[in-house]
> 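Sharing a structure below in structure tokens format, with a few things to ask.
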Amino acid sequence: MDTGKAFDITVIGCGGFIGSHLLDRLLSGGELRLCGIDLSSDKIAHHLDNDRFTFIRCDIHDREVVHRAIARSTTVVLLAALCNPSQYNTRTLDVIDVNCSGTIPLVRACAESGVRLVYFSTCEVYGRTTASLVGGDYSGRYLLREDESPFILGPVSALRWSYACAKQLIERVIDAFGREQGLEYTVVRPFNFIGSRMDFLPGIDGEGVPRVLACFLGALRDGTPLMLVDGGRNRRCFTAIGDAIDACVRILDRPDACRNRIFNIGNPANEITIADLAWLMADTWHRLVPQDSRPIALREVAGAEFYGQGYEDSDRRVPDIGKAQRYLGWQPSIGLDDAIEQAMAAAIDHYGPGPVQAKG
Ligand code: NAD
Ligand code: UDP
């Protein structure tokens, strides 16, 4: 169908982990004309020559350029964010800006131009579980539902929640544009997606503290201890990027079913404590790099020591994916062992196994 628009989809933040996989899928066949906006193109270099893809290297704050691209699009997928936990208490103003105040003009531009917006929020909006505040009994209280679960954040001094708070507010802004100005939107709350091209390894292609998979991978390569923040007792549900992208494509394909709805996208079957994740990754490392004979050590560290003052953690977050099953017909199918192995194999392929000490 000719919409008269230059782009079917503009992906803002297309150069990151999720964006790069979304481009892989959307450009792998079909006829979609895509535009991508990001500060970086390292992870999408393989698409830059594609005739169906226009890359614009710019900051989301470059209003003129970004708004022009939005107005020329049928749908905008908004991924641009500062979304690394080590930034929440060290670059708080930037985190609030990129994830909320700097994003509001883009939301307004979508509303004004009649462009559908698919916005990537986060499961972190749920904050802590009720159970973490009232005691250890999780029965019936831990499943997070898009339209029922409360958002529970720590005090302002716990800077960790700056990101969650910014994402909560932008979700409310988007919803208000939907109610008051007719914006057509869908909000996605991702639950710990994992796969190739995630994050960075400090000192190699980035600085600071990446998310847990990259932290553990870096330690396995370097032969240093895997650091268990607060004993690694917190739990996460890890979701393979292949499953996650399936959900995104279904959202893009079903505007009516997804109109002004919020979806948890995660795999509740893949829940694990971070301590058990460390052991799983250690076992997987030995299988993928059998020539490495170095012993693997785990070390406990306090959150404030590892991330700095103001760090607090989400104890547990398990998605109720009933809505995604119902409206998208989506069901994640990649189990934890496979998802971890795929992500680690891709990283080892990309970075090499490091200074491995060969078995004598
Ligand atoms: P990512 O950091 O890999 O990608 C974000 C991209 O945004 C980067 O390429 C970055 O260059 C770009 N960006 C940042 N600031 C920008 C600016 N000012 N102007 C232009 N581009 C800018 O992150 P991701 O993992 O791909 O996550 C994408 C979205 O999904 C984010 O909104 C994030 O909050 C959300 N999310 C992801 C996960 C996950 O498991 N990966 C979990 C929860 C939420
Ligand atoms: N974590 C850890 N060791 C590390 C990095 C992270 O124990 O080297 C913990 C972190 O404290 C959190 C969990 O792993 O409990 C997941 O952290 P991540 O940064 O991947 O993202 P989050 O899910 O917190 O957004």
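In each ligand, atom 1 is the first atom listed, and ligand 1 is the first ligand listed. Being a predicted model, the structure only gives us computed values, none of them experimental.
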> If you measure every N/O of Phe17 against every N/O of ligand 1, is any gap under 3.5 Å?
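For ligand 1, there is an N or O atom that lies under 3.5 Å from one belonging to Phe17.
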> Report the part of Arg233 in contact with ligand 2, treating N, CA, C, O as backbone and CB onward as side chain, heavy atoms under 4.0 Å; options are side chain, backbone, both, neither.
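Within the 4.0 Å criterion, Arg233 makes no contact with ligand 2.
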> Are the side chain of Asn89 and the backbone N or O of Gln309 linked by a donor-acceptor pair below 3.5 Å?
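Side chain of Asn89 to backbone of Gln309, a donor-acceptor pair under 3.5 Å: yes, one is there.
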> Please work out which of Leu39, Leu213, Asp38, Ile241 has its closest non-hydrogen atom nearest to atom 16 (C) of ligand 1.
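Going through Leu39, Leu213, Asp38, Ile241 one by one, Leu39 has the nearest heavy atom to atom 16 (C) of ligand 1.
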> By number and element, which atoms of ligand 1 are closer than 4.0 Å to a non-hydrogen atom of Asn192?
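Those qualifying, in numeric order: 40 (O).
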> Heavy atom under 4.0 Å from ligand 1: found in Cys123's side chain, backbone, both, or neither?
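For Cys123, no heavy atom sits under 4.0 Å from ligand 1.
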> What atoms of ligand 2 come closer than 4.0 angstrom to any heavy atom of Arg236?
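With Arg236 as reference, the close atoms of ligand 2 come out as 12 (C), 15 (O), 16 (C), 22 (P), 23 (O), 24 (O).
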> Nearest protein heavy atom to atom 6 (C) of ligand 2, by residue and atom, and its distance?
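For atom 6 (C) of ligand 2, the nearest protein heavy atom is Tyr307 OH, 3.1 Å.
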> Identify, by atom number and element, the atoms of ligand 2 in contact range of Phe306, meaning under 4.0 Å from any of its heavy atoms.
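Reading through ligand 2 atom by atom, the close ones are 4 (C), 5 (C), 8 (O).
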> Polar-atom distance check: Ala80 versus ligand 1, any N or O pair below 3.5 Å?
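For ligand 1, there is no N or O atom that lies under 3.5 Å from one belonging to Ala80.
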> Quick check against the 3.5 Å criterion: does Lys167 have a side-chain atom that pairs as donor or acceptor with the backbone of Phe120?
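Judged by distance alone, yes, a pair lies under 3.5 Å.
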> Which of the numbered atoms in ligand 2 are below 4.0 angstrom from a heavy atom of Met227?
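Counting atoms of ligand 2 from 1, those under 4.0 Å from Met227 are 2 (C), 3 (N), 4 (C), 7 (O), 8 (O).
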> Please classify the Arg235 to ligand 2 contact at 4.0 Å (heavy-atom distances, strictly less than): side chain, backbone, both or neither.
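Neither part.
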> Record the part of Lys167 in heavy-atom contact with ligand 1 below 4.0 Å; permitted values are side chain, backbone, both and neither.
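It is the side chain that touches ligand 1; the backbone stays farther off.
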> Purely on distance, is any nitrogen or oxygen of Ser314 under 3.5 Å from one on ligand 2?
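In this structure, Ser314 places no N or O atom under 3.5 Å from an N or O of ligand 2.
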> Could you list which atoms of ligand 1 come closer than 4.0 Å to a heavy atom of Phe120?
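That gives atoms 29 (C), 30 (O), 32 (O) of ligand 1.
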> Taking atom 5 (C) of ligand 1 as the point of reference, which of Ser20, Cys14, Ala81, Gly36 owns the nearest heavy atom?
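Going through Ser20, Cys14, Ala81, Gly36 one by one, Ala81 has the nearest heavy atom to atom 5 (C) of ligand 1.
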> Can you confirm whether the side chains of Thr284 and Glu341 place a donor and an acceptor under 3.5 Å from each other?
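Per modelled atom types, Thr284 and Glu341 side chains form no pair under 3.5 Å.
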> Of all the non-hydrogen atoms in the protein, which one sits nearest to atom 22 (P) of ligand 2, and at what distance?
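Answer, as residue, atom name and distance: Arg317 NH2, 3.3 Å.
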> Ile274 to ligand 2: N or O pair under 3.5 Å?
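No, there is no polar N/O contact under 3.5 Å.
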> Students often mix this up, so state it plainly: with edges at 30° and 60°, are the rings of Tyr311 and Tyr307 parallel, tilted or perpendicular?
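Parallel: the ring planes of Tyr311 and Tyr307 meet at under 30°.
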> Checking Asp246 against Trp330: is there a side-chain donor and acceptor pair closer than 3.5 Å?
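No, because no side-chain N or O of Trp330 sits under 3.5 Å from a partner of the opposite role on Asp246.
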> Do Arg316 and Tyr142 meet the cation-pi criteria used here (NZ or CZ under 6.0 Å from the six-membered ring centre, within 45° of the axis)?
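Pair Arg316/Tyr142 counts as cation-pi.
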> If we set the cut-off at 4.0 Å for heavy atoms, which region of Cys83 has an atom near ligand 1: side chain, backbone, both, or neither?
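Side chain only.
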> Strictly by modelled atom types, are Asp313 and Asn234 linked by a side-chain donor-acceptor pair under 3.5 Å?
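Yes.
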> Just let me know how Phe200 lines up against ligand 1, side chain, backbone, both or neither, with a heavy-atom cut-off below 4.0 Å.
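It is neither; nothing of Phe200 touches ligand 1.
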> Of the protein's non-hydrogen atoms, which lies at the shortest distance from atom 21 (O) of ligand 2, and what is that distance?
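Answer for atom 21 (O) of ligand 2: Pro85 CG, 3.7 Å.
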> Checking side-chain contact (heavy atoms from CB on, under 4.5 Å) for the pair Tyr119/Ile170: CA distance, chi angles, key distance, verdict?
CA-CA 9 Å; Tyr119 179 74; Ile170 196 71; 3.5 Å; yes
> Side chain or backbone, does Tyr311 bring an N or O within less than 3.5 Å of an N or O on ligand 2?
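N/O-N/O distance below 3.5 Å exists for this pair.
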> Decide whether an N or O pair under 3.5 Å exists between Tyr88 and ligand 2.
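Not met; the criterion fails.
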> Which residue supplies the protein heavy atom nearest to atom 15 (O) of ligand 2, what is that atom called, and how far is it?
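Result for atom 15 (O) of ligand 2: Asp313 OD2, 2.6 Å.
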> Side chain, backbone, both or neither: which applies to Arg211 and ligand 1 if a contact is any heavy-atom pair less than 4.0 Å apart?
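The answer is the side chain.
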> Would Lys43 count as a polar contact of ligand 1, with the cut-off being nitrogen or oxygen pairs under 3.5 Å?
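No, there is no polar N/O contact under 3.5 Å.
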> Aromatic rings Tyr327 and Phe263: how do their planes relate, parallel, tilted or perpendicular, breaks at 30° and 60°?
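Perpendicular, since the angle between the ring planes exceeds 60°.
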> Heavy-atom contacts with Gly15 under 4.0 Å: which atoms of ligand 1 show up? List them by number with element.
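Listed by number with element, the hits are 9 (O).
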> Has Arg221 got its NZ or CZ under 6.0 Å from the middle of the six-membered ring of Phe216, at an angle within 45 degrees of the ring axis?
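Judged by the rule (NZ or CZ under 6.0 Å from the ring centre, within 45° of its axis), Arg221 is not positioned above Phe216.
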> Nearest non-hydrogen contact with atom 18 (P) of ligand 2 belongs to which option: Asp199, Asp230, Val212?
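Selected option, by shortest heavy-atom distance: Val212.
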> Looking at Asn192, which atoms of ligand 2 are within less than 4.0 Å of one of its heavy atoms?
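The atoms of ligand 2 under 4.0 Å from a heavy atom of Asn192 are 23 (O).
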> With distance as the sole criterion, is a donor-acceptor pair present between the side chains of Arg25 and Ser28 under 3.5 Å?
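On atom types as modelled, these side chains do not qualify, holding no pair under 3.5 Å.
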> Check ligand 1 against Phe193 and write out every atom of the ligand that is under 4.0 Å from a heavy-atom position of the residue.
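Reading through ligand 1 atom by atom, the close ones are 39 (C), 40 (O).
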> Is any N or O atom of Val229, backbone or side chain, closer than 3.5 Å to an N or O atom of ligand 2?
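Yes; the residue has a nitrogen or oxygen that sits under 3.5 Å from a nitrogen or oxygen of the ligand.
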> Should you measure from each heavy atom of Glu124, which atoms of ligand 2 turn up under 4.0 Å away?
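The list of qualifying atoms is 25 (O).
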> Any N or O of Tyr163 that comes nearer than 3.5 Å to an N or O of ligand 1?
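The answer is yes, given that Tyr163 and ligand 1 share an N or O pair closer than 3.5 Å.
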> Does the side chain of Asn84 pick up a donor-acceptor pair with the side chain of Tyr163 at under 3.5 Å?
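There is no such pair between these side chains.
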> We want to know whether Arg116 and Thr186 form a side-chain donor-acceptor pair, criterion being a heavy-atom distance below 3.5 angstrom.
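The answer is yes; a qualifying pair exists.
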> Mark up the atoms of ligand 2 that fall under 4.0 Å of a heavy atom belonging to Leu228, in ascending order.
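Counting from 1, the qualifying ligand atoms are 7 (O).
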> May I ask whether Gly102 places a heavy atom under 4.0 Å from ligand 1?
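Heavy atoms of Gly102 never come under 4.0 Å of ligand 1.
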> Tell me, which protein residue and heavy-atom name are nearest atom 27 (O) of ligand 1, and how many Å apart are they?
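Among all protein heavy atoms, the one nearest atom 27 (O) of ligand 1 is Ile18 CD1, 3.6 Å.
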> What's the verdict on side-chain contact (heavy atoms from CB on, under 4.5 Å) for Val318 and Phe191, showing C-alpha distance, side-chain angles and the deciding distance?
CA-CA 8 Å; Val318 183; Phe191 283 67; over 6 Å; no
> Side chain or backbone, does Gly16 bring an N or O within less than 3.5 Å of an N or O on ligand 1?
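There is such a contact, yes.
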